[in-house]
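Let me begin by presenting the structure, written as structure tokens, before commenting on it.
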Amino acid sequence: MNLNSINITEIVEQTKTQLQEDKTLSPALKMSIELILVVVVMLASKLGLNSQNSSIPPSKDINRTKPTREKSEKSAGGQKGRVGKTLTQTETPDEVQVILVDRDFLPKGHYRDVGFQKRQVVDIDISKVVTEYQAQILENEQGKRFVGEFPQGVNGPIQYGVGVKAHAVYLSQYQLLPYNRIEEYFSDQLGIPISAGSLFNFNEQAAALVKSSGAEGIIKAALQSPHQTLHVDETGINIGGKRRWLHGASTTWWTYFYPHEKRGKIAMDEAGILPHFTGVLCHDHWKPYYQYTQCQHALCNAHHIRELERAWEQDGMQWAKDMQTLLKEMNKAQIDNPDLDKGAKQKYREQYQKILLQGDAKCPPPDKSSRVKGQRGRLKRTKSRALLERLRDYQDDVLRFMMSTGVPFTNNQGENDIRMTKVHQKISGCFRSKQGAEIFCLLRSYLSTCRKQYVSASLALELLFKNQLPDIFISDEAE
């Protein structure tokens, strides 16, 4: 028997009705059966969940089927105008080896040199470079000595250079390699011994430079700009074996992460961005975001699409399927024509409201007569009813992508930016301390921002250790 063909909700309601009508059962037995029904509903609601109708990530959805791609009219391979990345010969090779013709194997005769046929091999030479500074010592007639001044930062008899530090932080914080693998890499490939303690010190120094250089403040100020859509999201992290939270705020150009023991408004206030933001805040309907009333809100419709799919598959709600189709149609219309006229927008809104009315008829609120004597508070809604009420009560925020210029259909920007945190957790498991989490957040904020503005992570870190910042920060600060 196919479980998807069974209407669990209907069977449970019929069973409850029969229990109420049956006078032969004892109250204790009725209570036990009702408890069993609750467990059945909870288990049944999880049976049909997958990455398409819930928040289950695709990586954990082992039975998921990948959607077939629609056949494109474009030809296979690189398209016209595309800039390729094929190797090309350089005019200035680092080393030239001339191969002469062995004249012993040539027929007798006279030959003249007419040039060369060139072939190039691109390779790498990984090696350490040791620079020794020798400061001259002069001594006068009285025996007083004068020593030449070493370059700034050259303080000890032997120390690591900027390149080593930048490369180590790049591997640790950008490529997310564990400390022991970075130690092996430096030892095996470069012949440079580096301990885990030194790697931590490099990360700590880089994070301190992000703060002291003003980069952190510039990022936060840019994210507070009112003329943009700000994407926000949060995810659980493990710090010292305890559940904590990482909050992210980002745009297409800027990124900022902040760790905190709380998930709600207290943490967001301490991050120092949302209390001052007055633009459009895009999120997944986490209620604390709505405590910021000075800005407009836009809800992630990717979440709605999945929830509507669940309401259709598990509860058989036709209105949910119709709403899902309409939202996708509206998104396509907005992409095809970003300047939709007011008439078209109003037409879509009317269709939206019509589907909600149909949903009210098929998915009514709980009957007030079902309230048990002495029961307080709001009567529990089904998942489908709760979704319907949210789509109705927050209609403007659901449709913000169509009504306001520059507002996206989903919160994918925020979710994509925060995703590398999950990769870090899969590799390392947790942060050992709050300081480690703060270092990670500061450096990921800096590196993500640089990458978004076409500054490589390697160059960004090298400049940082030289007490410099990329032009993106300098020009922004100058403005």
Side-chain angles (χ1 to χ4, degrees), residues 152-153 160-177 179 182 197-225 230-232 235 237 239 244-260 267-268 270-274 276 414 417-421 423-424 428 431-479:
Q152 185 178 4
Y160 297 109
V162 167
V164 171
K165 293 179 180 180
H167 195 48
V169 175
Y170 170 84
L171 294 174
S172 173
Q173 301 298 310
Y174 189 74
Q175 296 297 345
L176 304 178
L177 294 182
Y179 280 6
I182 299 175
S198 294
L199 292 174
F200 177 81
N201 291 338
F202 297 161
N203 288 330
E204 185 180 34
Q205 182 184 353
L209 288 170
V210 172
K211 271 184 172 293
S212 62
S213 65
E216 181 189 23
I218 294 172
I219 292 173
K220 293 172 72 171
L223 291 172
Q224 291 169 6
S225 173
L230 182 64
H231 297 264
V232 289
T235 187
I237 56 175
I239 301 179
R244 295 293 184 258
W245 297 92
L246 185 144
H247 297 264
S250 63
T251 65
T252 54
W253 295 103
W254 304 91
T255 306
Y256 186 72
F257 297 119
Y258 185 73
H260 200 276
M268 300 174 201
E270 286 189 19
I273 295 175
L274 298 192
H276 310 286
D417 284 329
I418 214 167
R419 186 166 295 147
M420 293 310 293
T421 302
V423 177
H424 177 273
S428 300
F431 296 101
R432 292 186 178 181
S433 65
K434 182 182 178 182
Q435 183 186 12
E438 291 172 346
I439 289 173
F440 174 83
C441 288
L442 273 173
L443 292 178
R444 288 301 306 188
S445 300
Y446 173 72
L447 294 175
S448 176
T449 294
C450 289
R451 288 295 298 169
K452 286 179 177 180
Q453 303 197 43
Y454 308 105
V455 178
S456 71
S458 297
L459 175 59
L461 288 168
E462 187 175 338
L463 290 172
L464 188 65
F465 278 107
K466 291 180 179 178
N467 290 310
Q468 302 174 20
L469 287 178
D471 291 341
I472 58 173
F473 293 97
I474 298 171
S475 60
D476 187 82
E477 190 175 32
E479 292 176 5

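We use all heavy atoms of the structure for the numbers below, so side chains are in, but hydrogens, waters and symmetry mates are not. One is the number of the first residue; the rest follow in order along the sequence.
- Using modelled atom types, one side-chain atom of T449 and one backbone atom of T255 make a donor-acceptor pair closer than 3.5 Å.
- Rounding to the nearest 0.5 Å places NZ of K165 at 12.5 Å from CG of L199.
- When atom types are taken as modelled, the side chain of S172 and the backbone of A168 share no donor-acceptor pair closer than 3.5 angstrom.
- Nearest heavy atoms, N203 versus Y179: ND2-OH, 2.9 Å.
- With rounding to the nearest 0.5 Å, the separation of CG in L461 from CZ in F202 is 12.5 Å.
- Pairing each heavy atom of R451 with each of Y174, the nearest pair is NE-OH, 3.2 Å.
- For the residue pair Y160 / N201, no side-chain donor-acceptor distance below 3.5 Å is found, with atom types taken as modelled.
- In the displayed structure, K452 atom NZ is contacted under 6.0 Å by more than 12 heavy atoms of other residues, nucleotides or ligands.
- Taking CD1 of I239 as the start and CD of Q435 as the end, the distance is 11.5 Å to the nearest 0.5 Å.
- Atoms CG and OG, from L447 and S458 in turn, are 9.5 Å apart once rounded to the nearest 0.5 Å.
- No side-chain donor-acceptor contact under 3.5 Å links E438 to the backbone of S433.
- The heavy-atom pair separating C450 from P470 by the smallest distance is SG-CG, 4.1 Å.
- Y258 places no side-chain N or O within donor-acceptor distance of the main-chain N or O of A249, the cut-off being under 3.5 Å.
- Between F431 and H424, the ring-plane angle classifies as parallel under the 30° and 60° cut-offs.
- In this model, no donor atom of one side chain and acceptor atom of the other lie less than 3.5 Å apart for Y170 and E462.
- For A215 against L469, the heavy-atom pair with the smallest separation is CB-CD2, 4.0 Å.
- To the nearest 0.5 Å, atoms CG (L443) and OG (S448) are separated by 12.0 Å.
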Are L230 and I273 close enough, and set up right, to give a side-chain contact (heavy atoms from CB on, under 4.5 Å), and what steps lead you there?
CA-CA 10 Å; L230 182 64; I273 295 175; 4.0 Å; yes
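- Minimum interatomic distance between L442 and A207 (heavy atoms only, all atoms of both residues): CD1-O, 3.8 Å.
- Listed here is the closest heavy atom pair of N467 and L209: OD1-CD2, 3.2 Å.
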Take F465 and V164, measure what side-chain contact (heavy atoms from CB on, under 4.5 Å) needs, and give me the verdict at the end.
CA-CA 10 Å; F465 278 107; V164 171; over 6 Å; no
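- In this structure a side-chain-to-backbone donor-acceptor pair under 3.5 Å is present from S445 to F257.
- Rounded to the nearest 0.5 Å, atoms CZ (F473) and CD1 (I218) are 6.5 Å apart.
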